[in-house]
Amino acid sequence: MPPEYYLLIFFILAVSVHSPANAISGDLPSFREAPAFRNGRDCRKTTSHNNNNNHHHPSIIHIAMTLDATYLRGSIAAVFSVLQHTSCPENIVFHFLATHRRTDLRRTILTTFPYLSFHLYHFDTNLVRGKISSSIRQALDQPLNYARIYLAELLPSTVTRIIYFDSDLIVVDDVVKLWDINLGGHVLGAPEYCHANFTHYFTPKFWSSPLFSKSFNGRDPCYFNTGVMVIDLWKWREGKCTKKLETWMRIQKRYRIYELGSLPPFLLVFAGDVEGVEHRWNQHGLGGDNLEGLCRDLHSGPVSLLHWSGKGKPWLRLDSRRPCPLDSLWAPYDLFRHAPLFSDS
Ligand SMILES: *[C@@H]1O[C@H](CO)[C@@H](O)[C@H](O)[C@H]1NC(C)=O
């Protein structure tokens with residue numbers, strides 16, 4: 001091979017090593033250390049950090065989130081926002097679900113939040129292998145998106161209620177208010193959107209099949225977003241909800257009854273049987289449209305949680321210097337350690 005070929009290969013390798021894609025698949029990004037958040041005087045006492053026995057304590061708030069390299073910056077911001085706005089931060093236990101590189105992720109959480117009570121679980125992607133059918137957006141087809149279906153199996157049976165949060169949101173209110181809602185005998189609580197045309201979430205093939213569409217008989221189904229959910233895990237286990245969701249995923253694989261990812265199975269199992277949570281707890285859609293990526297405004301009414309669901313993510317738009325106006329509300333929670341622009345030395 002002539003020498004200039006070697007030079008060309010070297011050049012290609014050098015360029016690819018410095019591409020942003022490699023920055024993601026290599027080391028995890030680094031984050032600034034969050035301050036220690038301490039309980040206020042009126043908080044109920046809890047046992048020490050990372051103590052498994054504290055699952056039994058009723059004052060403990062359990063929050064589940066996924067962790068992966070792509071959304072890590074969002075997850076860290078979400079955790080930070082929860083801690084900042086709650087009066088009893090030491091009463092919160094995070095349950096993180098991850099597919100790979102758990103030691104890296106554990107180290108990142110430990111160094112960013114040295115005082116956090118958390119557990120890290122391995123989500124085995126084999127659980128959903130062969131059950132995911134491609135949707136309108138590739139990001140929705142990631143196995144980790146389906147981890148929320150398996151909370152009842154992954155978390156210890158002593159955890160009987162869980163809040164599930166997506167990784168592209170921030171909480172700007174005391175999460176205890178969401179935690180304390182009365183589920184009214186329902187398995188699941190979430191803000192409902194009954195004005196959305198429910199027909200659109202399923203294909204004509206679904207509605208034209210009496211067998212499928214009759215699954216909504218006796219229910220008045222409304223759309224809800226699965227990025228913010230309060231779940232009674234005891235009732236979920238009792239009702240074998242994971243199996244029900246998996247059954248619909250298998251049906252989807254065969255008949256293509258919807259176009260979205262992990263949301264429609266939740267609608268099929270729960271819609272119309274959901275405890276409606278105040279809309280302030282999921283101001284969703286701030287990521288913009290699935291297809292267009294446009295900026296969105298807040299829905300009217302008070303705000304306790306901002307959710308960048310949709311294609312655009314605030315950290316990507318801020319980095320590209322083309323943010324949407326509301327992305328500035330996410331920025332104060334960003335602990336990502338940017339590379340210094342100038343070196344003083
Ligand atoms: C919902 O959408 C379907 C299909 O586009 C349409 O036939 C139906 O009239 C719509 N319903 C409402 C209440 O707008």
Side-chain angles (χ1 to χ4, degrees), residues 20-37 63-86 89 92 94 96-98 101 104-116 118 120 139 142 144-145 163-175 178 227-228 281-288 293-298 303-344:
N22 268 279
I24 287 168
S25 64
D27 287 338
L28 294 175
S30 74
F31 296 90
R32 286 182 285 124
E33 183 182 320
F37 292 98
I63 299 176
M65 294 182 68
T66 60
L67 281 187
D68 71 344
T70 318
Y71 284 85
L72 189 57
R73 201 163 150 192
S75 303
I76 298 263
V79 171
F80 191 34
S81 72
V82 168
L83 297 174
Q84 243 185 69
H85 293 277
T86 189
I92 297 182
F94 281 89
F96 296 118
L97 316 174
R101 296 193 312 173
D104 278 34
L105 289 166
R106 179 180 296 281
R107 198 178 318 122
T108 298
I109 297 298
L110 281 171
T111 54
T112 311
F113 301 107
Y115 312 94
L116 193 70
F118 74 94
L120 188 54
Q142 298 306 310
L144 200 54
N145 248 335
I163 292 176
Y164 176 81
F165 281 150
D166 267 350
S167 296
D168 50 0
L169 55 79
I170 54 167
V171 176
V172 294
D173 196 354
D174 195 336
V175 76
L178 179 62
V228 177
W281 284 103
N282 195 349
Q283 287 269 354
H284 66 289
L286 304 182
L294 299 170
C295 292
R296 286 273 185 87
D297 214 344
L298 287 173
V303 182
S304 295
L305 185 151
L306 297 142
H307 185 188
W308 278 261
S309 56
K311 199 173 184 182
K313 299 301 164 203
W315 54 93
L316 298 177
R317 290 198 297 232
L318 287 161
D319 281 0
S320 73
R321 301 189 187 278
R322 283 195 304 274
C324 287
L326 289 173
D327 293 346
S328 64
L329 297 176
W330 182 87
Y333 302 95
D334 185 17
L335 289 172
F336 177 60
R337 200 193 292 274
H338 287 270
L341 290 174
F342 306 103
S343 176
D344 293 334

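Because the structure is predicted, anything quoted here is derived from the model rather than measured.
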How far apart are the closest heavy atoms of [X] and [Y], and which atoms are they?
{"X": "Pro332", "Y": "Ser328", "answer": "CD-O, 3.2 Å"}
{"X": "Gly74", "Y": "Trp330", "answer": "CA-CZ2, 4.2 Å"}
{"X": "Arg106", "Y": "Leu120", "answer": "NH2-CB, 3.7 Å"}
{"X": "Arg296", "Y": "Gly288", "answer": "CG-CA, 3.9 Å"}
{"X": "Leu169", "Y": "Ala78", "answer": "O-CB, 3.3 Å"}
{"X": "Ala34", "Y": "Leu335", "answer": "CB-CD1, 4.0 Å"}

Take Met65 and Leu97 through the side-chain contact (heavy atoms from CB on, under 4.5 Å) test and state the conclusion after the steps.
-> CA-CA 6 Å; Met65 294 182 68; Leu97 316 174; over 6 Å; no
Start with the C-alpha distance between Val303 and Leu298, add both sets of side-chain angles, then the distance that settles side-chain contact (heavy atoms from CB on, under 4.5 Å), and finish with yes or no.
-> CA-CA 9 Å; Val303 182; Leu298 287 173; 4.0 Å; yes
Would Leu305 and Val172 count as a side-chain contact (heavy atoms from CB on, under 4.5 Å) if you check the C-alpha gap in whole Å, the side-chain angles of each, and the deciding distance to 0.1 Å?
-> CA-CA 6 Å; Leu305 185 151; Val172 294; over 6 Å; no
Side chain proximity check, [X] to [Y], heavy atoms < 4.5 angstrom:
{"X": "Glu33", "Y": "Tyr115", "answer": "yes"}
{"X": "Val171", "Y": "Phe165", "answer": "yes"}
{"X": "Asn145", "Y": "Thr66", "answer": "no"}
{"X": "Trp308", "Y": "Ile170", "answer": "yes"}
{"X": "Thr112", "Y": "Arg32", "answer": "no"}
{"X": "Arg337", "Y": "Pro29", "answer": "no"}
{"X": "Leu105", "Y": "Phe96", "answer": "no"}
{"X": "Phe94", "Y": "Ile109", "answer": "no"}

Please answer whether the main-chain N or O of Leu83 pairs with a side-chain N or O of Thr86 as donor and acceptor at a distance below 3.5 Å.
->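 No; judged by distance alone, with no hydrogens or angles, the pair does not exist.
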Calculate, to the nearest 0.5 Å, the distance between atoms [atom1] and [atom2] belonging to [X] and [Y] respectively.
{"X": "Ser167", "Y": "Asp68", "atom1": "OG", "atom2": "CG", "answer": "7.0 Å"}
{"X": "His338", "Y": "Ser30", "atom1": "NE2", "atom2": "OG", "answer": "10.5 Å"}
{"X": "Asp168", "Y": "Leu286", "atom1": "CG", "atom2": "CG", "answer": "9.0 Å"}
{"X": "His284", "Y": "Ser309", "atom1": "NE2", "atom2": "OG", "answer": "5.5 Å"}
{"X": "Leu116", "Y": "Leu110", "atom1": "CG", "atom2": "CG", "answer": "9.0 Å"}
{"X": "Cys295", "Y": "Asp297", "atom1": "SG", "atom2": "CG", "answer": "9.5 Å"}

Just do the side-chain contact (heavy atoms from CB on, under 4.5 Å) check on Leu144 and Leu67 with the steps written out, would you?
-> CA-CA 8 Å; Leu144 200 54; Leu67 281 187; 5.9 Å; no
For Asp319 and Lys313, what are the C-alpha separation, side-chain angles and deciding distance, and is it a salt bridge (charged side-chain N to carboxylate O under 4.0 Å, His left out)?
-> CA-CA 10 Å; Asp319 281 0; Lys313 299 301 164 203; over 6 Å; no
Between His85 and Asp174: side-chain donor-acceptor atoms closer than 3.5 Å =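 Short answer, no.
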Indicate whether the side chain of Trp281 and that of Asp173 have a donor and an acceptor atom separated by less than 3.5 Å.
->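 Short answer, no.
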Looking at Phe113, Tyr333, Phe336, which hits side chain to side chain contact (heavy atoms under 4.5 Å, CB included) with Ile76?
->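 Option passing the side chain to side chain contact (heavy atoms under 4.5 Å, CB included) with Ile76: Phe113.
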